[in-house]
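Below is one structure, written out as C-alpha cells; comments come after it.
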Amino acid sequence: MIDTVSISKRAYAAIMLHLKNAYPYEACGILLEDKKSGTVESISSMDNSAGEDLKRSHYLIDPIALYRLETEAESRGMTVAGFYHSHPDKEAILSREDKLNMIPGIFYMVVSTKRFGIGDIKGYIKDEPDGKVYSVAIWEA
Amino acid sequence: MNVYISATLRNFFGRNARLETDAKSIKDILNWLKDEYPEAEKVLFDENGKLRSFIRIYAGDENRSSEDKWEKALSEDSEVLLLPAIAGGAPENDSIIPEERRKAVAFDDKEIERFGRHLMLKDIGVKGQKRIKAARVVVAGAGALGSAVIQYLAAAGVGTIKVVDFDDVALENLQSQVIHTTRDLNRPKVASAKDIVRNINRGINFEAENTKLEADNIVDIIDGYDLVIDCTDNYKARYLINDAAYLCGIPVVFGAIYQFEGQVTIFNHNDGPCYRCAFPAPPPAGLVPTCAEGGAISPLPGIIGSIQANEALKLIIGIGDHLSGKILTVDSLYLRFKLLELKKEKECLLCGAHPSIKGVQDFDYEDFCGLKQPEEEIPIEGFTPEELAKRIENEDPMTIVDVREPHERAIQRFPNAIVIPIGQLARRMNELDPEQDTIFICKQGMRSILAINTLREAGYKGPMYNLKGGIDAMKDIMFSHEGAWL
C-alpha cells in the first residue's frame with residue numbers, strides 16, 4: 001500500500017486556490033496522476049453537488065461527471081489517483097461519513113480551510129472495505 | 001452487455017475498464033460480478049448484503065442504484081456504469097467531550113465572573129467553557145511538567161482532575177516542580193498538587209492517586225476519562241500510558257524534556273499515530289538519562305507543560321489545529337521551535353494493521369524497557385554503598401572507575417576514582433587491571449551497568465562490580481567529611 005503521494009507544485013497550488021476561494025463552503029476535486037511518473041500532475045476542480053443547504057458541511061462529486069472526466073483523462077495518459085476536499089473551519093481529519101464513503105486503496109486529501117487561508121493538510125488511505133484508515137504523507141514534487 | 005468500471009474501482013475487477021456479460025438486468029450483472037470477482041463483493045456490498053452507500057449504478061444516464069430498479073430488463077445496446085459517489089461531510093464534533101455531557105453543565109454567577117475571559121472569546125464562549133467543566137482529565141506525573149499542566153487545567157476550570165504520582169517531594173524537585181514548596185518536603189506529590197488545585201478553585205473535583213503506574217492498575221486508573229496528559233519521566237510509564245489509552249480509546253497529550261530541549265505531541269487521536277508509531281522500542285536502559293540524571297533548565301518544563309495544557313484545552317473545546325500527527329520540538333537554548341510530521345505506522349504492534357498487543361497485561365513492560373536482566377546474560381554483581389564504604393575503609397585493593405561526564409564531576413568528585421567517561425571505555429580498557437576488582441560508579445547506578453556490559457562486550461575479562469544506586473545513594477554515608485561538595 002502506498003504511504004506517500006507526490007503532487008506537482010502547480011497542481012498543489014491549484015488545489016489550494018480552489019479550496020480557499022470556495023470558503024466558507026466545502027469544495028472538492030479530482031487528483032490526476034501521470035501514469036508514467038506516478039506524480040499527481042494536474043487536478044480537476046469539481047462542482048460540489050451536495051446542494052445549497054448542505055454545501056457548508058458536505059460535498060458530493062456527481063458520479064456521471066467523474067465518469068466523463070476519467071474517460072477523458074485516460075485518453076491523455078492520466079488516471080485518477082484520488083480526491084481532495086475541504087473542511088471549512090474544521091480539522092483536516094476524516095469524519096464518520098468521509099470514512100464510510102472511502103474507496104479502499106484510493107488516496108484522499110483533506111484540507112482545513114479558515115477565514116484567513118489554509119490550515120492543516122492531510123492525506124489518508126483505507127486498506128480494506130471495513131478496514132482501518134492510515135495517514136499518507138504528501139510531497140510537493 | 002457492456003459494463004464500465006470506474007478507474008477508482010478497477011483494482012477489484014482485475015484492472016479491467018470494460019467487461020462483457022450476457023446478463024440482462026442489474027441484478028444479474030451484480031450476481032455475475034460477484035462470481036467472477038469475489039474480491040469485489042466486499043467493496044460493492046456491506047456485511048448485510050446492501051449496496052454500499054458510495055456505489056452508484058447507471059444504465060446510460062439513468063441512475064439505477066436503488067434495489068427496486070435492479071430487476072428491470074436492460075436494452076441490448078445499453079452500457080451499464082459502475083461508479084463511486086465521492087462524498088463526505090465535515091467532522092461532527094471536534095471536541096472530545098460528548099454533547100450530552102456538555103449540555104448537562106450549568107454555571108453559577110461566580111463561575112460566569114471567574115471564567116469571563118474565556119467566555120468573551122468567540123472560539124470558546126459558553127459552549128467551550130461548558131466542555132471544559134464537563135471534562136475529566138488524568139495527569140500522569142506531578143513533577144515538573146505536571147506542575148504547569150495541573151495549575152493551568154485547574155485555572156481554566158477543568159471539572160475533574162485526577163493526578164497520579166507515587167513519589168514524595170524531595171529538595172532537588174523544587175528547582176522546577178513549582179507546585180511543591182519547601183513546606184511540602186517529604187509529603188506525597190499528589191498532596192501538594194491537591195492543595196494547589198484547592199487554592200485555585202474549590203469547585204474542582206480533584207482525585208489523588210498516590211500509586212505507581214503498573215500494567216495491572218493503569219486501565220482502572222484511566223478508563224472512563226476523556227484525556228490523559230503524560231507528564232512522566234520514564235519509558236515504562238510512557239508505553240503503559242500509550243497502550244492503555246489506545247485500548248481504552250483515550251487520546252494522550254505527551255510532553256517530555258531533557259536538559260534544554262522539549263517535545264510535545266498528541267497520540268491516539270482521530271486515527272492519528274500512537275507513541276509506538278513514533279518510538280517502536282525504547283533505547284537500552286541507562287543510555288538516555290531521565291531528568292533526574294540528565295538535568296533540565298528550570299523554566300523549560302513550564303514552557304512544555306503549558307503547551308500540553310493548551311493542547312488539552314483545544315481538544316476539549318474542539319478548536320484550532322493541534323499536534324496529532326505532528327511533533328513540536330523546542331530548543332530553549334537556541335530558541336528553535338520545529339514542527340515535524342509524525343505518521344501512523346501500518347506495522348505498529350499496537351495500532352497498525354495486524355496488532356499483536358491486545359491488552360496491557362499481555363505485554364512485558366519490564367522486559368521491553370530493559371528493566372529486567374535477561375537470564376542468559378551474566379548477572380552484574382554490585383556493592384551497596386555500605387559495602388563499598390567498608391572496602392574503602394579497609395583499604396582493600398581495587399580500582400574505582402567514575403563513568404560520569406566532566407560537568408557532573410564538577411559538582412562532586414569521588415575520591416581516588418579514575419575517570420573514564422562511558423564513551424571512551426572500550427578504547428581505554430587497557431588502563432584497567434584485570435587482576436584487580438574494578439568498581440564502576442555513576443550518579444544513579446544505571447549507566448555503570450551499561451559500562452560493565454560495554455566492557456564485557458569489548459572482551460574485558462577482569463572482575464567488575466557496580467555501585468548500586470550510584471553516588472546519590474552513597475553521598476549520605478561518606479561525603480559529609482570529604483569536603484567534596486562544591
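Just so it is clear: chains get the letters A, B, ... in the order the sequence lines come, proteins before strands, and each one is counted from 1. As a basis for the values below, the full set of heavy atoms in this structure was taken, side chains included, without hydrogen atoms, waters or symmetry mates.
A/Ile64 touches chain B through backbone and side chain together, each having a heavy atom under 4.5 Å away. Only the backbone of A/Met102 comes within contact range of chain B, judged by heavy atoms closer than 4.5 Å. For B/Leu82, no part lies under 4.5 angstrom from a heavy atom of chain A. Interface residue A/Phe83: only side-chain heavy atoms are found under 4.5 Å from chain B. Residue contact with chain B, scored on non-hydrogen atoms closer than 4.5 Å, involves the backbone and the side chain of A/Lys90 alike. Looking at B/Ile86, both its backbone and its side chain come within 4.5 Å of chain A, counting heavy atoms on both sides. Heavy atoms closer than 4.5 Å to chain B are found in both the backbone and the side chain of A/Ile93. Contact annotation for A/Ser135: both backbone and side-chain heavy atoms come within less than 4.5 Å of a heavy atom of chain B. Looking at A/Tyr108, the atoms closer than 4.5 Å to chain B (heavy atoms on both sides) all sit in the side chain, from C-beta outward. Residue A/Asp62 touches chain B through its side chain alone, counting heavy-atom pairs closer than 4.5 Å. Contact annotation for A/Glu26: only side-chain heavy atoms (C-beta onward) come within less than 4.5 Å of a heavy atom of chain B.
Per-residue counts of heavy-atom pairs under 4.5 Å with chain A were compared for B/Glu47, B/Arg56, B/His322; the largest is that of B/His322. Interface check for chain A: of the options B/Asn11, B/Asp61, B/Leu81, the most heavy-atom pairs under 4.5 Å are formed by B/Leu81. In terms of heavy-atom pairs under 4.5 angstrom with chain B, the leader among A/Lys132, A/Glu91, A/His58 is A/Glu91. Of the listed residues (B/Gly272, B/Pro91, B/Gly320), the one with the most heavy-atom contacts under 4.5 Å to chain A is B/Pro91. With chain A as partner, the option from B/Gly89, B/Ala90, B/Ser324 having the largest number of non-hydrogen pairs under 4.5 angstrom is B/Gly89. Counting heavy-atom pairs closer than 4.5 Å to chain B, the top-ranked of the candidates A/Asp120, A/Ile106, A/Val80 is A/Asp120.
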Apply side chain to side chain contact (heavy atoms under 4.5 Å, CB included) to B/Val43 and B/Tyr37, showing your working.
CA-CA 11 Å; B/Val43 178; B/Tyr37 302 98; over 6 Å; no
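Taking 4.0 Å as the cut-off between side-chain N and carboxylate O, B/Lys27 and B/Glu67 do not count as a salt-bridged pair. Checked for salt-bridge contact, B/Asp271 and A/Lys99 meet the test: a charged N lies under 4.0 Å from a carboxylate O. Ion pair B/Glu99/B/Arg131 flagged as a salt bridge, since at least one NZ, NE, NH1 or NH2 atom sits closer than 4.0 Å to an Asp/Glu carboxylate oxygen.
The aromatic rings of B/Phe254 and B/Phe279 sit tilted relative to each other, their planes meeting at an angle between 30° and 60°. In this structure, A/His87 and A/His85 have perpendicular ring planes: the angle between them is above 60°, well past the 30° mark.
Cation-pi check for B/Arg18 over B/Tyr4 is not met; the charged atom does not lie both under 6.0 angstrom from the ring centroid and within 45 degrees of its normal.
No side-chain donor-acceptor contact under 3.5 Å links A/Thr79 to the backbone of A/Lys35. For B/Lys314 (side chain) and B/Asp321 (main-chain N/O), a donor-acceptor pair under 3.5 Å exists by modelled atom type.
The shortest distance between side-chain heavy atoms of B/Ile124 and B/Ile317 falls below 4.5 Å.
Side-chain polar atoms of A/Asp47 and A/Ser49 form no donor-acceptor pair below 3.5 angstrom.
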